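Have a look at the structure below, then the notes.
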There are 2 protein chains.
Amino acid sequence: MDDIDKKIVKELQNNARASLKNIAETAYLSSPAVSARIEKLEREKIITGYHAAVDSRKLGYHITAFVSLDVSSADKIRFYEDMESIPNVLECNCVTGEYSMLVKVAFPSTMELDLFIGQLQKYGKTSTQIVFSTPVGPRDMDVMAEIGEKE
Amino acid sequence: MDDIDKKIVKELQNNARASLKNIAETAYLSSPAVSARIEKLEREKIITGYHAAVDSRKLGYHITAFVSLDVSSADKIRFYEDMESIPNVLECNCVTGEYSMLVKVAFPSTMELDLFIGQLQKYGKTSTQIVFSTPVGPRDMDVMAEIGEKE
DNA sequence: TATTTTTTTATCGATGTCGTCCATTATTTC
DNA sequence: GAAATAATGGACGACATCGATAAAAAAATA
């Protein structure tokens, strides 16, 4: 993971559909070289995938929320399977603090969100924060930053 | 946004670097037709971008956290600019509840996270949840789901 | 409702660009 | 200095794009 790799990753973060030729130009490299480096980054699982970002509102998901809830260790495996199976769950994090889980979800309306939260009650008490707006991000991590002790 | 568009978006969510030819095959369409549809989806800002997903750990970001904090309306604009300028801020949400903001961040270690939280104190009281693990996601929204009243 | 007109959206074939492969050369690394 | 790794350049094949055309859908008129 040298500076050239970082430049390539940054380019792919900005535009995952960029052509090898274009990436090669910005990285001052030939396209076969870029191709080989990208394959290596994928093999090493530094790059884990390429995703189109979509406007959730325009897809009908008007409500985004973070649901905190307390899940006992015994229930966690079942809970994870549950979260995995519900497509509205965008992210499910195990966290420190009063609530053990923090789940990001998207629903068409508060009605569906309410139904979802109802389903969660069996696992423990919940606390929900509905998103008004997202002034920053979601955005990609800074690859170029100087960080000591990688991996 | 018909079923063909949905199929195309789904494909680009799974693999944003897929060739037009491949997308065309899965959508039972010609590549120029797919190209035109993708351009339209981009023009309408349904697709907002294409991003490479990277393993944060392998980039040296070992600590991910959600920081809640209370920011007064008067300070918000300044706060947003602040969050925008810090690359470690992956997501900054304005939410309901006791804390007005929910910020997702990534840092190399708890030390840098602590420094960041220190910087935030001037805006109001904070509460931090460090992520142990992310059993689900981050993943893409379900485009194929049947939702009434889009846009 | 039927028919025409307009608009939209598709396909096809041609052209130019792009990605990939191979052989060779350069650069590291030990 | 030898071995391994990584880059380049040219050739080939695949792919994306463009223009022309045709089909389908939508809108308008009778």
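Note that the coordinates shown come from a computational prediction; the quantities given were computed from them, not determined experimentally. Numbered from 1 within each chain, the chains take letters A, B, ... in sequence-line order.
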- Query: Leu20(B) CG to dC18(C) C1': how many Å, rounded?
  - Reply: 12 Å
- Task: Assess the side chains of Tyr61(B) and Glu112(B): does a donor N or O sit below 3.5 Å from an acceptor N or O?
- Result: no
- Query: CG of Asp5(A) versus P of dT5(D): gap in Å, rounded?
  - Reply: 16 Å
- Query: Is the phosphate of dT5(D), meaning OP1 or OP2, less than 4.0 Å from a side-chain N or O of Lys40(A)?
  - Reply: no
- Note on the structure: Against the side chain of Pro32(B), the closest entry in dG19(C), dC18(D), dA10(C) is dC18(D)
- Provide, to the nearest angstrom, the distance between the CD atom belonging to Glu44(A) and the P atom belonging to dT5(D). 13 Å
- Item | Nearest-angstrom distance from the residue atom CD1 of Ile8(B) to P of dA16(D) | 13 Å
- Query: Can you find a side chain N or O atom of Ser30(B) that sits less than 4.0 Å from OP1 or OP2 on dA10(C)?
  - Reply: no
- In whole angstrom, what separates Asp2(A)'s CG from dT29(C)'s C1'? 15 Å
- Message: Between P on dC15(D) and CD1 on Ile38(B), what's the gap in Å once rounded to a whole number?
- Response: 15 Å
- Query: Under 4.0 Å between a Lys/Arg side-chain N and an Asp/Glu carboxylate O for Lys7(B) and Glu11(B)?
  - Reply: no
- Rounded to the Å, how far apart are Lys21(B) NZ and dT17(D) P? 15 Å
- Task: May I ask you to say whether Lys104(B) pairs ionically with Glu91(A), meaning some side-chain N is under 4.0 Å from a carboxylate O?
- Result: yes
- Under 4.0 Å between a Lys/Arg side-chain N and an Asp/Glu carboxylate O for Arg37(B) and Asp5(B)? yes
- Item | Separation of dG19(C) P from Arg37(A) CZ (nearest whole Å) | 17 Å
